[in-house]
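As structure tokens, the structure follows; a few thoughts come after it.
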Amino acid sequence: MYDYDLLVVGSANADLVIGVERRPAAGETVLGSDLAVHPGGKGANQAVAAARLGARTALLARVGDDAYGRLLLDSQRAAGVDTVGVLVGGAPTGVALITVDPSGDNSIVVSPGANGRLTPEDVRAAGSLFHASRVVSAQLEIPLETVVEVVRALGPDGRFVLNPSPPRPLPQQVLDACDPLIVNEHEARVILGEAAVSDRPEDWARLLLAKGPRSVVVTLGAQGALVASADGVARVAPVAVDAVDTTGAGDAFTAALAWRLGAGSSLTEAAGYAARVGALAVTRPGAQESFPTAAEVAGLCGADPGDDPRAPGRGPDDAPGAPTRGGSL
């Protein structure tokens, strides 16, 4: 019996956002809007997204002993995430400094802070969390050597899901553990490197699979997604919505897919459900505040409202889905 449906190992940032009429040139000062501070970071986002769906979720991360760290802990607890694995201290909380112009284009500078101090030793010390978790999800906003240790720490039947963002070449040990490796077009090209000789996403999926992952998911924005495994490559149809803000949509997609895999769904079924979660997320502004509940996803899926949110019912539209019109994952 597992205590957790999902353990997320990753980053927790405070997002500091200022609206500007135009982004400054070198040496230039411009005036902006009032500062808005939001909880963020790919790890923290995934944990909140999964917990909102009803998954028993834990987060292994590091924050500073400061106001931003308390903001992040509060947001996790409010969503129902178990923060027993969140370490405090060692460096200031990670911060993303974001300027956004009227067109929605942004410039971002990230100070990793405490995220960069999440060490392999921290992972080893949290061994009981790994053995108590059905699925473990990670990203690359923490040190790569820590992600390698996550793979080593997996329980005997644990499943590992990786979104390699920001992308970089991956050690073979990490690639071999991925089930699935979840990438967008940019991430696929970085990981494939010189092997990215085709413009066809189906070829990317097959080439990535040949590198060692047990399965692969390639998200394609408005064109949907692809899932690839030993059973072949399948297209996942897009979910059309009016996108308002795509921030955090990829994190919501990954969290939902990881949770559904742990609940016993096939890769294609899990991707279809995750696509609906990502679709709902982009219809609202912000990241964590935009993540839907299981009941909201069930409504979009056409599921019976009485279904257990841990195993959402299948309706006539419960087919493979993907990112949304106007959005990207």
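Only heavy atoms go into these numbers, but all of them, side chains included; no hydrogens, no water, no symmetry mates. All figures in this text were calculated on a predicted structure; none of them were measured in a lab.
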Compare every heavy atom of Ala51 with every heavy atom of Ala79, then report the nearest pair and how far apart it is. O-CB, 3.3 Å

Arg214 (side chain) donor-acceptor with Pro180 (main chain) under 3.5 angstrom: no

Please check this pair: side chain of Asn115 against backbone of Ala12, looking for a donor-acceptor N/O pair closer than 3.5 Å. yes

Enclosure of Leu31 CG (heavy-atom neighbours >12, cutoff 6.0 Å): no

Worked check of side chain to side chain contact (heavy atoms under 4.5 Å, CB included) between Leu129 and Tyr4: CA-CA 8 Å; Leu129 280 177; Tyr4 302 105; 3.6 Å; yes

Is the backbone of Gln173 close enough, under 3.5 Å, to the side chain of Asp176 for a donor and an acceptor to pair up by distance? no

Pro120 side chain near Val123 side chain, heavy-atom distance below 4.5 Å: no

Glu296/Arg52 salt bridge by N-O under 4.0 Å criterion: no

Side-chain contact test, heavy atoms from C-beta onward, threshold under 4.5 Å: evaluate it for Val217 versus Leu257 and give yes or no. yes

Regarding Asp3 and Arg56, does a basic nitrogen lie under 4.0 Å from an acidic carboxylate oxygen? no

Checking Thr293 against Leu53 for the side chain to side chain contact (heavy atoms under 4.5 Å, CB included) test, could you report, in this order, the C-alpha distance in whole Å, the side-chain angles of both residues, the deciding distance, and whether it holds? CA-CA 5 Å; Thr293 65; Leu53 294 170; over 6 Å; no

Any salt bridge linking Arg206 with Glu202? Criterion: basic side-chain nitrogen under 4.0 Å from a carboxylate oxygen. no

For the residue pair Asn163 and Gln139, confirm or rule out a side-chain donor-acceptor distance under 3.5 Å. no

For the side chain of Ser290 and the backbone of Val282, is there at least one donor-acceptor N/O pair under 3.5 Å apart? no

Transitively linked via ILVMFWY side-chain contacts under 4.5 Å: Leu16 with Val20? yes

Hey, mind stepping through Leu170 and Leu181 against side chain to side chain contact (heavy atoms under 4.5 Å, CB included) and telling me if it holds? CA-CA 11 Å; Leu170 296 172; Leu181 175 74; 4.1 Å; yes

Separation between CD1 (Ile18) and CG (Leu97), nearest 0.5 Å, reads 8.0 Å

Are Tyr68 and Val88 connected into the same hydrophobic cluster when the rule is that any two of I, L, V, M, F, W, Y join if their side-chain heavy atoms are below 4.5 Å apart? no

Closest non-hydrogen atoms of Ile98 and Val100, given as atom of the first, atom of the second and distance, are CG2-CG2, 3.8 Å

Using modelled atom types only, decide if a donor and an acceptor are shared between the side chain of Thr146 and the backbone of Leu118 within a distance under 3.5 Å. yes

For the CZ atom of Phe253 and the CD1 atom of Ile182, what is their distance to the nearest 0.5 Å? 6.0 Å

Taking atom types as modelled, find out whether Thr219 and Asn184 have a side-chain donor-acceptor pair closer than 3.5 angstrom. no

NZ/NE/NH1/NH2 to OD/OE distance under 4.0 Å, Arg22 and Glu28: yes

Considering non-hydrogen atoms only, spot the tightest contact between Val161 and Ala258 and give its length. CG2-CB, 4.1 Å

Do you reckon Phe130 sits in the same ILVMFWY cluster as Val84, going by side-chain contacts under 4.5 Å, direct or chained? yes

Heavy atoms, side chains only, cut-off 4.5 Å: are Gln76 and Val86 in contact? no

Going by heavy atoms in the side chains, are Phe160 and Val150 under 4.5 Å from each other? yes

Closer than 4.0 angstrom, basic N to acidic O: yes or no for Glu289 and Arg284? no

The reported gap from CG in Leu192 to CH2 in Trp204 (rounded to nearest 0.5 angstrom) is 9.0 Å

Begin with the C-alpha distance, continue with both residues' side-chain angles, and end with the deciding distance and a verdict on side chain to side chain donor-acceptor pair (under 3.5 Å) for Thr119 and Asp122. CA-CA 5 Å; Thr119 66; Asp122 294 331; 3.2 Å; yes

Identify whether Val48 and Val63 are in the same connected component of the hydrophobic contact network (ILVMFWY, side-chain heavy atoms under 4.5 Å). no

Distance in Å, Leu208 CG paired with Lys211 NZ, rounded so as to fall on 0.5 Å steps: 8.0 Å

Hphob cluster co-occupancy, Val30 + Leu35, side-chain heavy atoms under 4.5 angstrom: yes

If we ignore hydrogens and angles and just use 3.5 Å, is the side chain of Arg117 paired with the main-chain N or O of Gly113 as donor and acceptor? yes

Enter the distance from Leu7:CG to His131:NE2 here, rounded to the nearest 0.5 Å. 11.5 Å

Are any of the side-chain heavy atoms of Ser133 and Leu6 separated by less than 4.5 Å? no

For Glu121 and Glu149: C-alpha separation, side-chain torsions, deciding distance, then whether side chain to side chain contact (heavy atoms under 4.5 Å, CB included) applies. CA-CA 8 Å; Glu121 290 75 18; Glu149 192 62 35; over 6 Å; no

Gap between atom CG of Leu267 and atom CZ of Arg260 - 0.5 Å precision: 12.0 Å

For the pair Ser265 (side chain) and Leu261 (backbone), establish whether a donor and an acceptor sit closer than 3.5 Å, ignoring hydrogens and angles. no

Is the backbone N or O of Leu140 less than 3.5 Å from a side-chain atom of Arg168, with the two atoms forming a donor-acceptor pair by type? yes

Do you know the tightest heavy-atom contact between Ser229 and Leu209? O-CD2, 3.4 Å

Measuring only between side-chain heavy atoms, which start at C-beta, is Pro201 closer than 4.5 Å to Glu185? no

Closest heavy-atom contact between Gly248 and Ala287? CA-CB, 4.3 Å

Using only atom types and a distance under 3.5 Å, with no angle test, would you say the side chain of Glu269 pairs donor to acceptor with the backbone of Ser266? yes

Do Val8 and Asn45 have side-chain heavy atoms sitting under 4.5 Å apart? no

Smallest heavy-atom separation, Ser215 atom then Arg159 atom, equals OG-NH2, 4.4 Å

Arg134 to Tyr2, cation-pi by 6.0 Å centre distance and 45° axis angle: no

Do Ser137 and Val9 have side-chain heavy atoms sitting under 4.5 Å apart? no

